[in-house]
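Reading through the structure tokens given below for one structure.
Whatever order the structure lists ligands and atoms in, that order sets their numbers, starting from 1.
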Amino acid sequence: MSARPPNILVTGTPGTGKTTTSQMVAEQAGLTYINVGDWVKQHELHSGYDEEHEALIVDEDKVVDALEDVVAAGGCLVDYHSCDFFPERWFDLVVVLQTDNTVLYERLERRGYPQAKITENVECEIMMVLLQEAHDSYDQNIVVPLPSNNPQEMESNVQRILQWIAAYTSQHGLS
Ligand code: DAT
């Protein structure tokens, strides 16, 4: 494998802190931040709107095609609430953020989500759907679950990911 800057996926149930954490890491490490949800909207990588779930129907093939060249260059921090359709080769580290259900419930309520969507996401978190999806889709050695319940944990997660980037960069002679 040729050495390129690392690509990191930050995944987890909506509300676990992916965007906040990812933006802090990307800014401090000089990585390109990619919010897949925003890409889907901006580049119309969807096939319509799902009224029941109040969400766009994402066209996963279109997402992969749209991101391929950007991610292949390395140095990307990708933020998305799903992880099983990205090519495995894209990522060097997969972080799964996790939040206790009562804390998550309150965050999603503050976000103004309808009740059904809050319940669906809290259940998804209780069942550890994203952690399972990450384990099923990537090498066990690169999947790292991190708790994200309060600002201290968020800061510690940011520092941990920054340390991982520094170690990777030095091991691969990229610094
Ligand atoms: P996501 O991108 O996973 O949907 P977010 O980064 O938008 O999550 O965070 C949702 C809200 O919760 C936002 O107001 C910030 C807050 N939040 C997230 N993680 C947190 C944490 N570890 N401690 C305190 N607040 C947090």
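- Within the listing of ligand 1, atoms 18 (C), 19 (N), 20 (C), 21 (C), 22 (N), 26 (C) sit less than 4.0 angstrom from a heavy atom of M154.
- With hydrogens and angles left out, the side-chain atoms of N157 and E153 include no donor and acceptor closer than 3.5 Å.
- Summary of contacts: the protein heavy atom closest to atom 7 (O) of ligand 1 is R111 NH2, 2.8 Å.
- Closest to atom 8 (O) of ligand 1 among all protein heavy atoms lies G17 N, 3.1 Å.
- Evaluated for a side-chain hydrogen bond (donor to acceptor under 3.5 Å, both in side chains) with Y113, the options R111, E109, K117 yield exactly one hit, R111.
- In this structure, the side chain of S22 engages the main chain of K18 through a donor-acceptor pair within 3.5 Å.
- Remark: ligand 1 and S148 share an N or O pair separated by less than 3.5 Å (distance only, no angle test).
- Remark: the backbone N or O of I57 is not paired with any side-chain donor or acceptor of D50 at under 3.5 angstrom.
- A side-chain donor-acceptor contact under 3.5 Å links E155 and Q159.
- No donor-acceptor pair under 3.5 Å is formed between the side chain of E125 and the backbone N or O of N101.
- By the criterion of a heavy-atom distance under 4.0 Å, both the backbone and the side chain of T20 are placed next to ligand 1.
- A side-chain N or O of Y33 and one of D79 form a donor-acceptor pair less than 3.5 Å apart.
- Here R107 has side-chain heavy atoms under 4.0 Å from ligand 1, and that is the only part of it that gets that close.
- Near P151, with a cut-off below 4.0 Å to any heavy atom, the atoms of ligand 1 are 23 (N), 24 (C).
- Looking from atom 23 (N) of ligand 1 to the surrounding protein, the closest heavy atom is N150 C, 2.9 Å.
- Within the structure, ligand 1 has P14 among the residues with a heavy atom less than 4.0 angstrom away.
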